[in-house]
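Down below is the structure, laid out as structure tokens.
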Amino acid sequence: MADIATIKNLPLAKAINESLRAALESDPKVLIMGEDVGKLGGVFRVTDGLQKDFGERRVVDTPLAESGIVGTAIGLALRGYRPVVEIQFDGFVFPAYDQIVTQLAKMHARSLGKVKLPVVIRIPYGGGIGAVEHHSESPEALFAHVPGLKIVSPSNSSDAYWMMQQAIQSDDPVIFFEPKRRYHDKSPLDTSAVPDPLHSARVVRQGTDLTVAAYGPMVKVCLDVAAVAEQEGKSLEVLDLRSVSPLDFDAVQASVERTRRLVVVHEAPVFFGSGAEIAARITERCFYHLEAPVLRVGAYHAPYPPARLEEEYLPSLDRVLDAVDRALAY
């Protein structure tokens, strides 16, 4: 049983801060790099206080040059360091896209396994904060399509803490998508717990009628959906995927074999999104178990709109409930 002294009720952003602090303390080869991560502590204050405590050589304020930041991290990793890079906002990652997909993702295979690149790229992503253009995007499927990259996204403080630890300890590059709309959401963190494997999914609410699978910012929406559905006599199982690549298809399959229906939810546009791969794989694996087609709920296939329209653009409780009702109607 956990010692009550090791359990804290922390915002997700603070849990990441504590995880980064623990990594800096335990391994002198861990470095943090990014725009405004040092003196400012990041635009979301996720790295607040780290430069003051560990110095400018461990927590490095960089120029506004994402390609240069990632390229430098690759060079540091080649020399034995474990750099943790922050991309200030999701839409700012694209100047670094070439470095990520043609260098970071390929070096291990290019060297026939001799070279490892333990680089973590932190990306605050998604909407719900009333931001301007290129500050609310969800590009996870673009990176999940690239072999050689691991893609994860926590939905709560405990996962944020432990998954960051595991990402930093990984010898492979990890893109760590942080749901910025959940930065201030508080949940329990037990720093003495034994964490789940980094790429395993977790059932966060048990149910019998239908599985709702999500990750990152949409897990809370799906839990709210399940609570509303329960009042209507429907029992929904909520599965937190936690990892997009690799994806725990065994856990999804096990849940669907129990409930026989699946709705996949993510903030990114539905068209060619991660939900499409999940739907295809589960249809292949569970064809004789499914009693309805796998349905997907996500954003529209359109550029992210101005802030005043984002609530219409993002998947809402009502849109997910509508998909649930359609699946149960078969």
Side-chain angles (χ1 to χ4, degrees), residues 16 19-35 37-38 42 46-47 50 54 57-90 92-125 139-154 160-178 195 197-200 242-247 274:
I16 296 173
S19 186
L20 293 171
R21 178 178 294 277
L24 288 164
E25 288 174 346
S26 64
D27 186 350
K29 293 295 187 179
V30 173
L31 306 173
I32 295 174
M33 306 165 53
E35 300 162 6
V37 298
V46 174
T47 54
L50 298 180
F54 294 95
R57 295 176 67 86
R58 301 281 309 279
V59 182
V60 184
D61 280 315
T62 67
L64 305 184
E66 286 79 11
S67 181
I69 296 168
V70 174
T72 301
I74 292 170
L76 286 164
L78 288 170
R79 295 301 299 268
Y81 291 92
R82 290 183 176 271
V84 181
V85 169
E86 178 183 296
I87 302 297
Q88 198 169 73
F89 284 92
D90 34 62
F92 296 178
V93 73
F94 298 111
Y97 191 77
D98 178 53
Q99 288 281 14
I100 295 170
V101 303
T102 64
Q103 304 298 338
L104 185 63
K106 303 294 194 298
M107 196 71 73
H108 185 77
R110 187 181 298 149
S111 66
L112 300 179
K114 295 178 181 178
V115 173
K116 301 182 187 302
L117 290 181
V119 177
V120 177
I121 300 179
R122 296 179 42 242
I123 305 180
Y125 83 119
E140 63 271 19
L142 296 176
F143 295 101
H145 187 68
V146 179
L149 299 175
K150 295 179 175 180
I151 317 297
V152 301
S153 182
Y161 179 90
W162 289 113
M163 291 169 70
M164 179 61 74
Q165 293 281 303
Q166 293 164 319
I168 293 171
Q169 293 163 9
S170 172
D171 286 332
D172 297 310
V174 179
I175 301 186
F176 199 94
F177 281 99
E178 301 170 8
L198 179 60
H199 302 292
S200 65
R242 303 172 71 245
S243 177
V244 177
S245 181
L247 204 147
S274 56

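Side chains are part of it too, since the values below use all heavy atoms of this structure and drop only hydrogens, waters and symmetry mates. Just so it is clear, the model here is predicted, and its values are computed rather than measured.
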* Structure fact -> Closest non-hydrogen atoms of P83 and P118, given as atom of the first, atom of the second and distance, are CD-O, 3.7 Å

* Can you check whether K106 reaches V146 side chain to side chain, under 4.5 Å on heavy atoms? -> yes

* **Expected output: side-chain S170 to main-chain Q166 donor-acceptor under 3.5 Å** => no

* **For P173 against G148, the heavy-atom pair lying closest together** => CG-O, 3.4 Å

* Close side-chain approach of I168 to L20, heavy-atom, < 4.5 Å -> yes

* Asked: Once you round to the nearest 0.5 Å, how far does OG of S245 lie from CD of E140?
  -> 11.5 Å

* Looking only at non-hydrogen atoms, find the nearest pair between S67 and P95 and report the distance. => CB-O, 3.3 Å

* **Donor-acceptor pair, side chain of T47 and main chain of V37, under 3.5 angstrom** => yes

* Sequence neighbours left out, what passes side-chain hydrogen bond (donor to acceptor under 3.5 Å, both in side chains) with E35? Give chain and number order. => none

* Asked: Under 4.5 Å between any side-chain heavy atoms of V93 and F143, yes or no?
  -> yes

* Just how far is it from atom OG1 of T62 to atom CE of M33, taken to the nearest 0.5 Å? -> 6.5 Å

* Asked: For F92, does the CZ atom have more than 12 heavy-atom neighbours from other residues, nucleotides or ligands under 6.0 Å away?
  -> yes

* Could you give the distance from CD1 (I123) to CD1 (I151), rounded to the nearest 0.5 Å? -> 8.0 Å

* Asked: Side-chain contact, heavy-atom cut-off 4.5 Å: I100 with I175?
  -> yes

* Asked: Once the angle between the rings of F94 and Y97 is folded into 0 to 90°, is it parallel (under 30°), tilted (30 to 60°) or perpendicular (over 60°)?
  -> tilted

* Asked: What distance separates S200 OG from L247 CG, expressed to the nearest 0.5 Å?
  -> 11.0 Å

* When rounded to the nearest 0.5 angstrom, what is the spacing between CD in Q169 and CG in L198? -> 10.0 Å

* To do: Report yes if the side chains of L24 and V59 come closer than 4.5 Å at any heavy-atom pair, otherwise no.
  => yes

* Pair listing, ring pair (Phe, Tyr, Trp, His ring centres under 6.0 Å) test, anchored in residues 98-117, at least two apart -> none

* **Side-chain heavy atoms of P154 within contact of F176, under 4.5 Å** => yes

* Structure fact -> Correct closest heavy-atom pair for P63 and I69 would be O-CD1, 3.8 Å

* To do: Spell out, as yes or no, whether a donor-acceptor pair under 3.5 Å connects the side chain of R58 to the backbone of V30.
  => yes

* To do: Answer whether the closest heavy-atom distance between the side chains of M164 and V120 falls below 4.5 Å.
  => yes

* Could you give the distance from NE2 (H199) to CE (M163), rounded to the nearest 0.5 Å? -> 8.0 Å

* For the student: nearest non-hydrogen atoms of S153 and Y125, plus distance -> OG-OH, 2.8 Å

* To do: Return each pair, listed once, that meets salt bridge (Lys or Arg N to Asp or Glu O under 4.0 Å) where at least one residue sits in residues 70-89; pairs must be two or more places apart or across chains.
  => R82-D171, E86-R122

